[in-house]
Amino acid sequence: MTLPFQLEMESSTSTSKSSALHLEMEQFKGQSRLPKFAVPKRYDITLKPDLTGCSFGGSVAVHLDIVCDTRFIVLNAADLSVDAASVSFASSKVLFKPWKVETFEEDGILVLEFGETLPVGSGVLGIGFEGILNDKMKGFYTSTYEHNGEKKNMAVTQFEPVDARRCFPCWDEPAWKATFKITLDAVPSELVALSNMPVVEEKVHGHLKTVSFQESPIMSTYLVAVVVGLFDYVEDHTSDGVKVRVYCQVGKANQGKFALNVAAKTLEFYRDYFAVPYSLPKLDMVAIPDFPGAMENYGLVTYQETALLFDEQHSAAANKQWVATVVAHELAHQWFGNLVTMEWWTHLWLNEGFATWVSYLAADSLFPEWKIWTKYLYEITGGLKLDGLEGSHPIEVEINHASEVDEIFDAISYRKGASVIRMLQNYLGAECFQVGPLRSLASYIKKHASSNAKTEDLWAALQEGSGEPVNKLMNSWTQQKGYPVISVKVKDQKLEFDQTQFYSSGSQGDGQWIVPITLCSGSYDVRKSFLLQKKFETFDVKEFLGCSIAGTGCRGSLCSWIKVNVDQTGFYRVKYDEELSAALRSAIEKKHLSATDRFGVLDDSFALSMACQQSFASLLTLLGAYREELDCTVLSNLIPISYKLATIAADAVPELLDLINQLFIGLFQYSAEKLGWEPKPGESHLDAMLRGDILTALAVFGHDQTIDEASRRFHAFLDDRNTPLLPPDIRKAVFVAVMQRVSMSKRSGYESLLRVYRETDLREEKTRILRSLASCPDHNIILEFLNFLLSSEVRRQDAALGLSVSSKGRETAWTWLKDNWEHISETWSSGYLLRFVSAIIPPLASFEKVKEVDEFFKVHPNPSITRTLKQSIEWVQINAKWVQSVGSEKNLADIVKELAHRKY
């Protein structure tokens, strides 16, 4: 018999052993990377989705190499129920069963501890698991659609950045590349099953089928993809035989034809540009009703419907351009990202920055009439805007935990990344990138194909191709945050250049860069370039430019103006002294500057005013030079700048708001009269896009004639949805105009737009309406609409589209966010929470709100939004400081009155 003492001793020993095991497993918690005990080589994955029960089961057999003595195998798994009894490791005909199987959900890891050391060499790890088809658009999830009036589910994956682990246990880091053999079991026989590779076998068992796919080439887990649903498709082939298909909901196949044509031609363009063929036998692109943007999964690219489908009758020109550039971006990843993959998320910009930049090359090749490089300016300004914050981050940013990755899919990785690539290309010359003797990009891709790369690998390829010290030049741009403002002065016929770090707050940073400076003087025939490698440099004007500088006019050898950063190819801002500024203003009025440079002068002046380094009044005076501006790119920047200036003025000097609105109406009337309401035969794609933006601006600033005409056309549209009075390019403008006269006592316009939203099945129309309804000045209507965004009538991916409220609704939106934060944070994943925060908080503009926001989120912390929240609060501080500065400007009222009443 067993004595009580013996029982106690055995119990104590068992507890000590268990504690020791637990401590050993604890060592893997909180680590940024997985340990390197084992290296996966191939995954055999079987998934069994249940679309009715919204669940799935599966198994994975991972062929791997044990590379050092270990009793542990550590991999990623999250939101999965792992069947501990199913876990085994087979090596050399020996089967090992783990002593302990434990998931640490906070870190998304699965730790397997074995009772003995595993032998070094190859083996197979087998794991069975179950999971939920979630509704958060990440991992393995459901998207809903209607077919013959019945609501149905499809199963979709979205794994980037770190959500493959929510579908199957894996080494869910970009460096752990392997091949994948995928089988989908128990798929309803009438549905389409897709994955990265073509189908090799399909077995039908009554109403169900098993679909097996070819083994993939080597790739990272975040690129694995599966889609199961009911689809139509259109098909084409590239000249070298790659099958290209666009899948969409039944009845929408014609809407996929434009993207199909773009995709086939883009694959051919990249094949030639990179001198490397597309590496898979097929490319499928799928329009998903619920999807967070677009995703470059190898051979199975997934999109929101609005990013892939184009309706010739009801889609706007802007949407056509959007589809083309998004498709070009995602297909660029088939080389930059899929074939050559960043080694770790620190180097995400290698994927996203390059894909952004090269997508413009492709779009320009396909549609030269679009002048797409002028739109590239928005990539630059988007990067400059975020990188002007003290809470920005370097392009190469340290990632210490999977929860941090979502926040770096931002304008730094995409837009600044793309901008510094363009700056480097401009400095080295296009021939070095693509057509030189070494074809640097082709060399880089071939060297690192089916492998991983770091930033320094790209610099090495470009340095070898150019002979320039690329690594030295570019490290200052990728390894530190921010950028310089180049102050340019003329003193005693000396041209002075001084660089300081620019912050939108007006603070002084201590960064320093090697800056490729370009400038022209008096004419685009007189150009100079040099590297500014020090904080300060000075040049003799006559020696440097071959002329002297005059304040105005241009006589003989006198230069009338100097423009630095020609065509905005550099990632920096420029601040001119008063004499040079006045000369540039005159050059803008006389159209001596290119549209790109008119854009640049405007954007830099706006940023300097925001940083309180230039007066609000002087910026308004500069805007007067743009009264007869007709260029789409310039006006498309002038419009949002005007919105922001009106909002700041309303907070700082509310008594001037009517005059400010009058000033901006006068600013846009010239272009509105030239464009008119009706499309003109043979007009450019750019004019078609601009018309709606200009009319929207006039409506927002309260131009009665515009609102009256919009109302007339809207009522015609309600009677006949195909009326020629409301073509797609001006629909949003009309919807916004209608909302300007909506109030709780006059709700008909609002209710009519909601009716159109509910009746249309065109995703683009729904998003147009969502983007328009919050422009209403009535805060009660805004609150009602914000609550509508949380209802089941709005797809979760679309809710953030309606958050750009009118300036009068900012306080209402903030209060609504606080009141609904618990529901929002439980319903939306971290990637979407960022959108709620960055849409609603940054427009606030008082120091009281800074404190209020900070205190609220101290009580409601969420680590996944830490960086974005810090940046958003900084925007509130910047706005508050700007309002304070504008409010103290002397003679501002007189200047505004003079500009508002000025006749041109």
Side-chain angles (χ1 to χ4, degrees), residues 289-290 304 306 640 643 646-647 650 692 695-697 699-702 707 710-711 714-715 717-718 726 730-828 832-845 849 872:
D290 302 280
Q304 264 185 21
T306 53
Y643 292 157
T647 300
L695 293 173
T696 301
V700 168
F701 290 124
I707 296 174
S711 179
F714 181 63
H715 286 97
F717 173 73
L718 293 178
L726 200 57
I730 63 168
R731 278 187 200 169
K732 185 189 173 188
V734 166
F735 297 164
V736 168
V738 166
M739 289 304 298
Q740 301 313 298
R741 290 180 179 168
V742 166
S743 65
M744 291 299 287
S745 59
K746 296 180 180 179
R747 299 172 50 88
S748 62
Y750 175 62
E751 291 171 350
S752 294
L753 279 169
L754 284 180
R755 186 169 71 252
V756 175
Y757 176 88
R758 289 165 176 146
E759 291 173 354
T760 184
D761 66 347
L762 184 69
R763 300 299 310 159
E764 184 184 341
E765 192 79 290
K766 286 183 180 291
T767 60
R768 260 197 294 262
I769 294 169
L770 291 177
R771 292 179 188 276
S772 304
L773 292 175
S775 66
C776 181
D778 187 297
H779 65 91
N780 289 313
I781 292 290
I782 289 174
L783 179 60
E784 185 176 328
F785 171 61
L786 291 172
N787 288 328
F788 174 75
L789 293 175
L790 302 182
S791 74
S792 60
E793 291 194 70
V794 179
R795 291 185 182 269
R796 289 184 180 178
Q797 69 185 24
D798 293 340
L801 300 176
L803 298 177
S804 297
V805 302
S806 67
S807 60
K808 293 181 180 178
R810 289 172 292 165
E811 176 68 31
T812 300
W814 166 233
T815 301
W816 171 84
L817 183 67
K818 289 186 293 181
D819 291 344
N820 292 279
W821 181 249
E822 185 175 349
H823 168 70
I824 290 168
S825 57
E826 289 174 356
T827 305
W828 277 269
Y832 271 83
L833 286 184
L834 303 178
R835 302 187 191 188
F836 280 85
V837 169
S838 60
I840 290 176
I841 295 174
L844 301 172
K849 284 291 177 283
S872 297

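Quick caveat, the model's predicted, so the values are computed rather than measured. Along the sequence shown, residues carry numbers from 1.
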Q: So do Phe788 and Leu783 actually touch side chain to side chain, heavy atoms under 4.5 Å?
A: no
Q: In plain terms, say whether Arg768 and Glu764 are close enough for a salt bridge, that is, a side-chain N and a carboxylate O under 4.0 Å apart.
A: yes
Q: Applying side chain to side chain donor-acceptor pair (under 3.5 Å) between Asp290 and each of Arg796, Gln304, Arg795, report the one that passes.
A: Arg795
Q: State, to 0.1 Å, how close Gly692 and Ala733 come at their nearest heavy-atom pair, and which atoms those are.
A: O-CB, 3.4 Å
Q: May I ask you to check whether Phe735 and Tyr750 place their ring centers less than 6.0 Å from one another?
A: no
Q: With rounding to the nearest 0.5 Å, note down the distance linking CG in Asn780 to OG in Ser745.
A: 10.5 Å
Q: Show your reasoning for whether side-chain contact (heavy atoms from CB on, under 4.5 Å) applies to Val837 and Trp821.
A: CA-CA 10 Å; Val837 169; Trp821 181 249; 4.0 Å; yes
Q: Less than 4.5 Å apart, any side-chain heavy atom of Lys732 and any of Arg771?
A: yes
Q: Is a side-chain donor or acceptor of Tyr832 paired with a backbone partner of Ser825 at a separation under 3.5 angstrom?
A: no
Q: Rounded to the nearest 0.5 Å, what separation is found between the CG atom of Leu773 and the CG atom of Leu754?
A: 5.5 Å
Q: Over 60° means perpendicular and under 30° means parallel, so classify the ring planes of Phe701 and Tyr643, tilted if in between.
A: tilted
Q: Donor-acceptor pair, Arg810 side chain versus Pro843 backbone, under 3.5 Å?
A: yes
Q: Nearest 0.5 angstrom please: Leu786 CG to Thr812 OG1, how far?
A: 8.0 Å
Q: Does a side-chain heavy-atom distance below 4.5 Å link Leu817 with Leu803?
A: no
Q: Give the intermediate values and the outcome of side-chain contact (heavy atoms from CB on, under 4.5 Å) for residues Val734 and Leu695.
A: CA-CA 8 Å; Val734 166; Leu695 293 173; over 6 Å; no
Q: Please report the shortest heavy-atom distance between Ser806 and Cys776, naming the atom on each side.
A: OG-O, 2.9 Å
Q: Counting distance only, does the side-chain N/O of Arg731 pair as donor-acceptor with the main-chain N or O of Leu726 below 3.5 Å?
A: yes
Q: Could you tell me whether the side chain of Lys766 and the main chain of Thr760 form a donor-acceptor pair under 3.5 Å?
A: yes
Q: Could you tell me the separation between the CG atom of Leu770 and the OH atom of Tyr757, rounded to the nearest 0.5 Å?
A: 4.5 Å
Q: Whether the side chain of Gln740 engages the backbone of Val736 through a donor-acceptor N/O pair (distance < 3.5 Å, no angle test) should be reported.
A: yes
Q: For Ser807 and Thr647, which heavy atoms make the closest approach, and how far apart are they?
A: CB-OG1, 3.6 Å
Q: Within the 4.5 Å heavy-atom criterion, are Val700 and Ser775 side-chain neighbours or not?
A: no
Q: So does Trp816 get a backbone contact from the side chain of Asn820, meaning a donor-acceptor N/O pair under 3.5 Å?
A: yes
Q: Using 0.5 Å steps for rounding, measure from the CZ atom of Phe785 to the CG atom of Leu790.
A: 10.0 Å
Q: Test side-chain contact (heavy atoms from CB on, under 4.5 Å) on Glu811 and Lys849; report intermediate values, then the result.
A: CA-CA 9 Å; Glu811 176 68 31; Lys849 284 291 177 283; 2.6 Å; yes
Q: Short question: side chain of Ser872, backbone of Ile841 - any donor-acceptor pair under 3.5 Å?
A: no
Q: To the closest 0.5 Å, what do you measure between CG (Leu801) and CD1 (Ile769)?
A: 12.0 Å
Q: State, with a plain yes or no, whether a side-chain heavy atom of Leu753 is found less than 4.5 Å away from one of Phe714.
A: yes
Q: Taking CD in Glu822 as the centre, count heavy atoms belonging to other residues, nucleotides or ligands within less than 6.0 Å. Is the count above 12?
A: no
Q: For residues Ala800 and Arg835, report the shortest heavy-atom separation together with the two atoms involved.
A: CB-CB, 3.9 Å
Q: Set out, in order, the CA-CA distance, both residues' side-chain angles and the distance that settles salt bridge (charged side-chain N to carboxylate O under 4.0 Å, His left out) for Glu784 and Arg747, then state yes or no.
A: CA-CA 11 Å; Glu784 185 176 328; Arg747 299 172 50 88; 2.7 Å; yes
Q: I'd like to know if the side chain of Asp778 reaches the main chain of Ile781, judged simply by a donor and an acceptor atom lying under 3.5 Å from each other, with no hydrogens or angles considered.
A: yes
Q: Is the number of heavy atoms from other residues, nucleotides or ligands within 6.0 Å of NZ (Lys808) greater than 12?
A: no
